[in-house]
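Structure record follows, encoded as C-alpha cells.
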Amino acid sequence: VQLQASGGGLVQAGGSLRLSCAASGRTFSSYAMGWFRQAPGKEREFVGTITWSGGNTYYADSVKDRFSISRDNAKNTVYLQMNNLKPEDTAVYYCAAGHYALTDPKLYNYWGQGTKLTVSS
C-alpha cells in the first residue's frame, strides 16, 4: 500500500482544515488507518485511528471533540477533519496503514510522506 497525504497549509487559530490520505492498491479496505503528527523537536504522536470498516474511531485526548476521522473505501481515501485548530496542533501530519486500529506508530506497516500544518495565533 502506498499512501499520499495532502491538504496541509497555514490556518489561523480557531479555523478548520481537512487532510486527505489517498492509498493505492486494492487492499486499502482491509487496513486500519491512523493519523499521527510530529512537531519540531518532538516525537511522533498518535492523533487518531479508524478501523478498516470505518465503524470505530479512537482519538488522542488532545484532539478529541475537535478532530474526526472518516474513510471512503470506494475512493481508497481516509480523511482527518480538524476543527477549532490551536497553535499546538502545528506539526507534520502523517497517515499510516496497519492491521489494527492502534495508537503505537511502530505497529503500522505503511506510511505516507506527511503534510505540514501550521496554525497561527
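In this chain, numbering begins with 1 at the start of the sequence shown.
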- salt bridge (charged side-chain N to carboxylate O under 4.0 Å, His left out) contacts in which one or both residues fall within residues 104-113, not counting sequence neighbours: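 Only Asp104-Lys106 qualify under salt bridge (charged side-chain N to carboxylate O under 4.0 Å, His left out).
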
Tell me the disulfide bond (SG atoms under 2.5 Å apart) pairs involving [range], sequence neighbours left out?
| range | result |
| --- | --- |
| residues 30-86 | none |
| residues 24-63 | none |
| residues 44-92 | none |
| residues 28-76 | none |

Is there side-chain contact between [X] and [Y], with at least one heavy-atom pair below 4.5 Å?
| X | Y | value |
| --- | --- | --- |
| Phe28 | Thr77 | no |
| Cys21 | Met33 | yes |
| Trp35 | Thr49 | no |

Please report the closest heavy-atom contact between [X] and [Y], naming both atoms and the distance.
| X | Y | answer |
| --- | --- | --- |
| Ala23 | Val1 | CB-CG1, 4.1 Å |
| Val78 | Ser70 | CG2-O, 3.1 Å |
| Tyr59 | Ser68 | OH-CA, 3.2 Å |

- Item | Heavy atoms from other residues, nucleotides or ligands near CD of Glu88 exceed 12 (cutoff 6.0 Å) |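 For Glu88, atom CD is crowded (more than 12 foreign heavy atoms under 6.0 Å).
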
- Query: Around atom CG of Asn109, are there more than 12 heavy atoms of other residues, nucleotides or ligands at under 6.0 Å?
  - Reply: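 For Asn109, atom CG is crowded (more than 12 foreign heavy atoms under 6.0 Å).
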
- Query: Sub-3.5 Å donor-acceptor pair from the side chain of Asn73 to the main-chain atoms of Trp52, do we have one?
  - Reply: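 Yes.
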
Side chain to side chain contact (heavy atoms under 4.5 Å, CB included) against [X], all qualifying residues, sequence neighbours excluded:
| X | result |
| --- | --- |
| Ser6 | Ser20 |
| Gln4 | Gln113 |
| Ser30 | Thr27 |
| Val119 | Ala13, Leu85, Pro87, Asp89, Thr90, Leu117 |

- Item | Joint cluster assignment, Tyr79 & Met82, ILVMFWY side-chain distance < 4.5 Å |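 Looking at the clustering, Met82 is in a separate group from Tyr79.
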
- Query: When Ser16 is tested against each of Asn84, Asn83, Val11 for side-chain contact (heavy atoms from CB on, under 4.5 Å), which residue passes?
  - Reply: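 The residue from Asn84, Asn83, Val11 that satisfies side-chain contact (heavy atoms from CB on, under 4.5 Å) with Ser16 turns out to be Asn83.
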
Atom [atom1] in [X], atom [atom2] in [Y]: separation rounded to 0.5 Å?
| X | Y | atom1 | atom2 | value |
| --- | --- | --- | --- | --- |
| Ile69 | Cys95 | CD1 | SG | 10.5 Å |
| Thr51 | Arg71 | OG1 | CZ | 7.0 Å |
| Leu19 | Lys116 | CG | NZ | 14.0 Å |

Under the ring-ring contact (aromatic ring centres under 6.0 Å, His included) test, which residues partner [X], sequence neighbours left out?
| X | answer |
| --- | --- |
| Phe36 | Phe46, Tyr108, Trp111 |
| Tyr94 | none |
| Tyr100 | none |

- Task: Quick one: sort the Tyr110 and Tyr31 rings into parallel, tilted or perpendicular, breaks at 30° and 60°.
- Result: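 Rings of Tyr110 and Tyr31: perpendicular, over 60°.
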
- Message: Assess the residue pair Tyr58 and Thr103 against the criterion (side chain to side chain contact (heavy atoms under 4.5 Å, CB included)); give the C-alpha distance rounded to whole Å, side-chain angles, the decisive distance to 0.1 Å, and a yes or no.
- Response: CA-CA 9 Å; Tyr58 307 94; Thr103 63; 5.8 Å; no

- So is Arg37 actually on top of Tyr93's ring, under 6.0 Å and inside 45° of the axis?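 Checked: cation-pi criterion not met.
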
